[in-house]
Amino acid sequence: MSDGPESLHLQTLSELSAGLAAGDFSSRELVDLLLRRIDDNKSLNAFITITAEGALAAADTADQARAAGSGGPLCGLPIVHKDLFCTAGVRTTCASRMLDNFVAPYDATVVANLANAGAVYLGKTNMDEFAMGSSNETSYFGDVKNPWDASKSPGGSSGGSAAAVAARLIPAATGTDTGGSIRQPAALTGTTGLKPTYGRVSRYGMVAFASSLDQAGVITRSAEDAALMLGAMAGFDERDSTSVDHPVPDYVSLLDAPLKGLRIGIVKQHFDDGLDAQCAARVKEALVALEGRGASLVEVDLPNLDLSVPTYYVVAPAECSSNLSRFDGVRFGHRAEDPKDLLDLYCRSRAEGFGPEVKRRIMTGTYVLSAGYYDAYYLQAQKVRQLISQDFKQAFDKVDLIAGPTAPTPAFALGEKTDDPITMYLNDIYTIGANLAGLPGISIPCGFSDSLPVGLQLVGPHFAEDVVLRCAHQYQSITDWHRQCPENFR
Ligand code: GLN
């Protein structure tokens with residue numbers, strides 16, 4: 001890394017924090033530099049909204065707080081938010097025409113917590129519409145390009161957050177993960193993506209997709225930064241009834257405990273024919289490296305893993321059809337012009353406001369919840385969800401973590417899977433289980449397949465974010481895959 005302010009974009013949050021504390025540069029200088037980088041790299045399409053004015057004002061406030069000795073743990077550090085977190089006074093679109101002009105009157109708890117910790121947000125990132133997708137191609141605002149190869153998808157749904165972090169436009173970004181939307185784009189862009197335990201981070205002010213699966217998390221360039229961010233985001237929130245009142249440890253202070261004695265589960269179903277051979281090789285090399293740090297590898301079985309995608313594609317659409325019924329052209333979002341009557345207003349507002357993938361989910365969800373099919377599909381899926389949770393529970397009787405691939409292939413070409421939803425849905429085969437069971441998981445870079453990043457996924461028991469982060473951090477302390485930067489963004 002070269003010295004001087006021009007290389008600040010390459011630094012992690014922790015490094016930037018040390019630089020700010022030492023007075024090497026101000027938050028305003030840092031924010032100003034990153035705003036210019038964001039502006040210079042608009043062709044990635046990683047952002048829906050850039051909040052330059054608000055960011056510079058917040059940076060000044062942070063600089064003053066620091067001078068007065070009163071800044072929080074993230075004082076003056078730049079971040080961005082996925083455009084699904086409500087931000088008071090700044091539009092929140094969910095990458096949908098439906099919410100194109102929606103301005104929330106309040107901040108999501110995640111946004112408020114990070115602001116209270118002193119973080120400065122520079123904008124709202126592009127994503128799949130209502131977080132439904134694995135490639136960022138369902139966005140009303142267009143595809144996001146993968147910084148490693150502009151013809152490839154950055155993954156989704158948090159594709160804008162992942163691309164922005166990978167391209168060194170910002171050191172950290174919030175994301176949400178309902179079936180893999182933090183971990184899969186992190187894998188495809190060579191970044192670090194953490195999805196916490198369901199209930200660890202408040203969902204208040206996060207536009208709902210599938211409420212029993214949605215969880216907020218972060219995309220960063222190191223596990224250490226993910227620990228720093230999680231410490232500020234997590235905690236009980238009385239405004240989210242599923243938020244859990246569980247103490248928030250100092251995640252950063254727990255990163256260095258040795259891995260000796262840690263039992264890591266290897267799932268044999270993870271390495272079947274569906275996995276790209278080079279991805280498999282990189283993941284296996286990573287497992288050997290963890291063994292070298294003192295962890296032991298134990299084979300475990302997740303016998304119902306292949307049912308996770310079909311189960312998810314009943315449960316998630318069912319919940320989405322219910323959650324998205326609020327967008328009726330009356331209370332929120334897009335309203336059709338000159339409606340004939342109330343039904344026409346509902347029908348046309350929704351027909352015009354939602355894109356094809358969202359409509360597909362709403363139709364599937366409505367179908368599986370309908371009187372004649374509820375037992376056969378929705379109830380059955382809930383039962384299988386229990387089986388999948390039990391599989392994990394049994395595995396965690398034997399091991400402390402489960403390790404494997406995050407995604408079956410490296411980044412795929414934009415347009416490659418858009419005509420075939422089933423192939424697109426299979427991209428989340430390794431990530432969805434953690435959502436169905438509410439478990440924490442992280443994806444960290446572990447090498448390359450034909451010059452494209454490969455992700456290693458670590459999944460832990462409920463509230464074992466500290467173990468997940470520690471293992472990821474120890475791996476990153478002996479490798480430098482997480483420091484690799486795409487050529488055009490150095
Ligand atoms: N790719 C999955 C889907 O399309 C997961 C999305 C997510 O985690 N938000 O639903």
Side-chain angles (χ1 to χ4, degrees), residues 81-85 94-96 110 125-139 144 153-162 173-189 193-196 198 201 203 206-219 308-321 323-324 354-365 368 381 385 406-409 411-412 416-418 420-443 455 457 459:
H81 290 299
K82 184 175 183 177
D83 201 18
L84 166 155
F85 290 94
C94 259
S96 181
V110 161
T125 55
N126 203 345
M127 53 182 279
D128 279 299
E129 184 179 7
F130 283 100
M132 298 173 198
S134 305
S135 65
N136 219 113
E137 291 167 297
T138 71
S139 169
V144 175
S153 161
S157 65
S158 311
S161 285
T174 56
T176 61
D177 192 312
T178 305
S181 277
I182 288 176
R183 291 160 290 155
Q184 184 259 14
L188 271 45
T189 57
L194 174 73
K195 173 204 114 60
Y198 183 77
V201 175
R203 290 184 298 110
M206 242 171 79
V207 179
F209 162 11
S211 309
S212 77
L213 301 158
D214 296 342
Q215 181 60 204
V218 282
I219 298 180
S308 60
V309 173
T311 302
Y312 173 88
Y313 279 99
V314 173
V315 175
E319 294 185 18
C320 120
S321 72
N323 273 327
L324 273 60
F354 293 134
E357 184 60 29
V358 173
K359 287 178 185 159
R360 182 165 24 237
R361 307 278 178 117
I362 293 173
M363 284 191 284
T364 314
V368 300
R385 182 176 184 177
T406 308
T409 63
F412 46 89
E416 186 182 321
K417 298 185 200 275
T418 35
D420 183 357
I422 305 286
T423 316
M424 186 72 91
Y425 295 171
L426 281 171
N427 224 267
D428 294 322
I429 175 91
Y430 304 124
T431 48
I432 279 176
N435 300 80
L436 291 170
L439 303 167
I442 199 167
S443 178
Q457 180 179 227
V459 174

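Counting convention: from 1, in listed order, for ligands and their atoms alike.
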* Going by heavy-atom distance to atom 3 (C) of ligand 1, choose the closest among Y313, Y425, F209. => Y313
* Any atoms of ligand 1 less than 4.0 Å from a non-hydrogen atom of D428? List them with their elements. => 1 (N), 2 (C), 5 (C)
* Can you sort out which atoms of ligand 1 are near S157, meaning under 4.0 Å from one of its heavy atoms? => 9 (N)
* Structure fact -> re atom 6 (C) of ligand 1, the protein heavy-atom contact at minimum distance is S181 OG, 2.8 Å
* To do: Would you please test S181 and S157 for side chain to side chain donor-acceptor pair (under 3.5 Å) and show each step?
  => CA-CA 5 Å; S181 277; S157 65; 2.7 Å; yes
* Structure fact -> Taking only non-hydrogen atoms of D177 and a 4.0 Å limit, the atoms of ligand 1 in range are 8 (O)
* When you measure from atom 10 (O) of ligand 1 to every protein heavy atom, which one gives the shortest distance, and what is it? -> Y312 OH, 2.6 Å
* Asked: Do ligand 1 and G179 have nitrogen or oxygen atoms that lie under 3.5 Å from each other?
  -> yes
* To do: Taking atom types as modelled, find out whether K82 and S158 have a side-chain donor-acceptor pair closer than 3.5 angstrom.
  => yes
* What's the spacing between F209 CZ and L324 CG if we round to 0.5 Å? -> 9.0 Å
* Are side-chain N/O atoms of S134 and D428 paired as donor and acceptor at under 3.5 Å? -> yes
* So is G133 close enough to ligand 1, meaning a heavy atom under 4.0 angstrom away? -> yes
* To do: Going by the side chain to side chain contact (heavy atoms under 4.5 Å, CB included) test, name the single residue among T406, I182, I219 that passes it with S443.
  => T406
* Once the angle between the rings of Y313 and Y425 is folded into 0 to 90°, is it parallel (under 30°), tilted (30 to 60°) or perpendicular (over 60°)? -> parallel
* To do: Pull out every atom of ligand 1 sitting under 4.0 Å from any heavy atom of A131, numbered as shown with elements.
  => 6 (C), 7 (C), 9 (N)
* Asked: Below 4.0 Å from any atom of ligand 1, is there a heavy atom belonging to R361?
  -> yes
* Answer yes if the side chains of E319 and S212 hold a donor-acceptor pair under 3.5 Å, and no otherwise. => yes
